[in-house]
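Convention: sequence-line order gives letters A, B, ...; per-chain numbering from 1. Note that this is a predicted model, so its numbers are computed, not measured.
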Protein chains: 2
Amino acid sequence: MVNTEVKPISVIIIEDFKLTRVGLRCALNANDDIDVVAEAEDAVEGLKYIERYKPDVILMDLGLPGMNGIEAMVKCKEMNFDSKIIALTSHDRSEEVISALSSGASAYCMKDIDPNKLADVVRDVSKGVCWLDPVVAQMTLNALPKIENIGILPGKSNLDGRVPLTEREFEVLKHLVSGKSNTEIAKELIVSVHTAKAHVCSILQKMCVNDRVQAAVKAVKEGIV
Amino acid sequence: MVNTEVKPISVIIIEDFKLTRVGLRCALNANDDIDVVAEAEDAVEGLKYIERYKPDVILMDLGLPGMNGIEAMVKCKEMNFDSKIIALTSHDRSEEVISALSSGASAYCMKDIDPNKLADVVRDVSKGVCWLDPVVAQMTLNALPKIENIGILPGKSNLDGRVPLTEREFEVLKHLVSGKSNTEIAKELIVSVHTAKAHVCSILQKMCVNDRVQAAVKAVKEGIV
DNA sequence: GAATAAATTGCCCTAATGGCTAATAGATTA
DNA sequence: TAATCTATTAGCCATTAGGGCAATTTATTC
């Protein structure tokens, strides 16, 4: 899978260790379809280059001195170029992974990645693919909201014995999750408080929970709102 | 990146359209390091083959008749083999993507993928990589819990003006999210109800919300619990 | 037409919640 | 040492929540 376009993929490397930086550059420049246009050893310098070159792909070390990689990514996204970011790191803390991905990274690589593989990742990412290193993939997928409750969505097939919510109840649930009181929900739906309460009660029963907090948390965790 | 191991990657294809099935098999079998060991046209048949062959990788169509791909994946995971699953589909509904990934898929491919690329994905996935098609990557990343609130976690740097929770408050927050009442929280922490209430009140203020439901939802959405 | 389900409203009751002020003891910090 | 922060306790009070029971209207299905 080699990029046969006339235009090579432009890459900027942001990494504080010179040795790693050189290694990355060599590994990538060995490919005709990839062109490392700049290197930076800290985030501030890196952001300058990004603004100047608007690269296709940014290789960003997360453990930078001063402004760290996550902050740099946020700033980078604010600049609104469509550069894709590959987060590079040497550790696999769950919090950092999620932070990186939700801050705009398209890939998460450990630094011990095979250099040839890295070129593949650069190509993938430049096309918009999301690529996650094996050791972090599972923890990331685990952080996704669980959708076990297809059966509770209105109009959906009822897999297990769970009673599905009606359309109206689902509507109430959404307001409930947004933190509205029964009174507010009633106003929103232009019904009496009694009605709102009745709906909430049946929601609690159908969702097998004791109070609205549990209902809200369950709804959010399972991504049904 | 060709697998040079002696043992090729074993693959099972589960796909109802015969034409697509043949296409997949040809595309993959063209690679020496990949071996399509079985094909099935529905989930039940597929699960039998999976049990028999315990393949490295399963190519699973999501739009199967009868038991759909998601259900099949759940059953497959219950069998506890470490087969990796590639979800294949022709559409990109957000709900389906998240469902698939949280049900155990390691990759999500559109059916119009380049056959050569698919072989790469099979290799990646067999090593544990998570690979997401460009069109679905962004929506998946958006579904990740936002960690904007480093400032609210106890002991973390306070980026913006937000007051961080104390350790104790954080402890209370976790109980709150699990749906416990003030009384229950008090019992859990072996303090009076007044104390629990006091903590909840300061949590509400620090999180800038009006009630415990909003606090719980915010906590879950931002992944700080 | 009859049966069923959903949406609506009402009332009763007890318990829980959240806002408010205020006090005390311990730990940490300036 | 003084100041600050935290955890703890307390009481008061208006509002809210949730359970239970019952009734009406509307829509849909058999």
Extract from the structure each pairing of a protein N or O with an N or O of nucleotides 10-17 of chain C at less than 3.5 Å, listing the distance.
residue : atom : partner  : partner atom : Å
C:dT17  : OP1  : B:Asn182 : N            : 3.4
C:dT17  : OP2  : B:Asn182 : N            : 3.1
C:dT17  : OP2  : B:Asn182 : ND2          : 3.4

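Nearest nucleotide to the side chain of B:Arg168, out of C:dG18, D:dG19, D:dA7: D:dA7.
Rounded to an integer number of Å, the gap from CG of A:Leu176 to C1' of D:dA17 is 11 Å. The interatomic distance linking A:Met207 (CE) with D:dG18 (C1') rounds to 16 Å, in whole Å. If you take NE2 of A:His199 and P of D:dA17, they are 15 Å apart, rounded to a whole angstrom. As a whole-Å value, the separation of A:Lys187 NZ from C:dT9 P is 15 Å. Across the protein-nucleic acid pair, A:Leu189 atom CG and C:dA6 atom P stand 17 Å apart, rounded to whole Å. Residue B:Glu169 contributes atom CD, which lies 13 Å from atom P of D:dC5 at whole-angstrom precision. The interatomic distance linking B:Glu167 (CD) with C:dT28 (C1') rounds to 15 Å, in whole Å. One can place CD1 of B:Ile185 at 14 Å from P of D:dA7, the figure rounded to the nearest angstrom.
A distance-only check finds no donor-acceptor pair linking the side chain of B:Gln214 to the backbone of B:Val209 [under 3.5 Å]. Side chain of B:Thr20 to main chain of B:Asp16: no donor-acceptor pair is present (N/O by atom type, distance under 3.5 Å, no hydrogens or angles).
Between A:Glu39 and A:Arg21 a salt bridge is recorded (basic side-chain N to carboxylate O distance below 4.0 Å).
Annotation: salt bridge (charged side-chain N to carboxylate O under 4.0 Å, His left out) contacts involving residues 54-70 of chain A, sequence neighbours excluded, comprise A:Asp61-A:Lys111.
Checking the phosphate oxygens (OP1, OP2) of C:dA5, no side-chain nitrogen or oxygen of A:Thr166 falls inside 4.0 Å.
Here B:Glu51 pairs with nothing under the side chain to side chain donor-acceptor pair (under 3.5 Å) rule; sequence neighbours left out.
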Side chain to side chain contact (heavy atoms under 4.5 Å, CB included) evaluation trace for B:Ile50 with B:Met79: CA-CA 9 Å; B:Ile50 291 169; B:Met79 290 198 275; 3.9 Å; yes
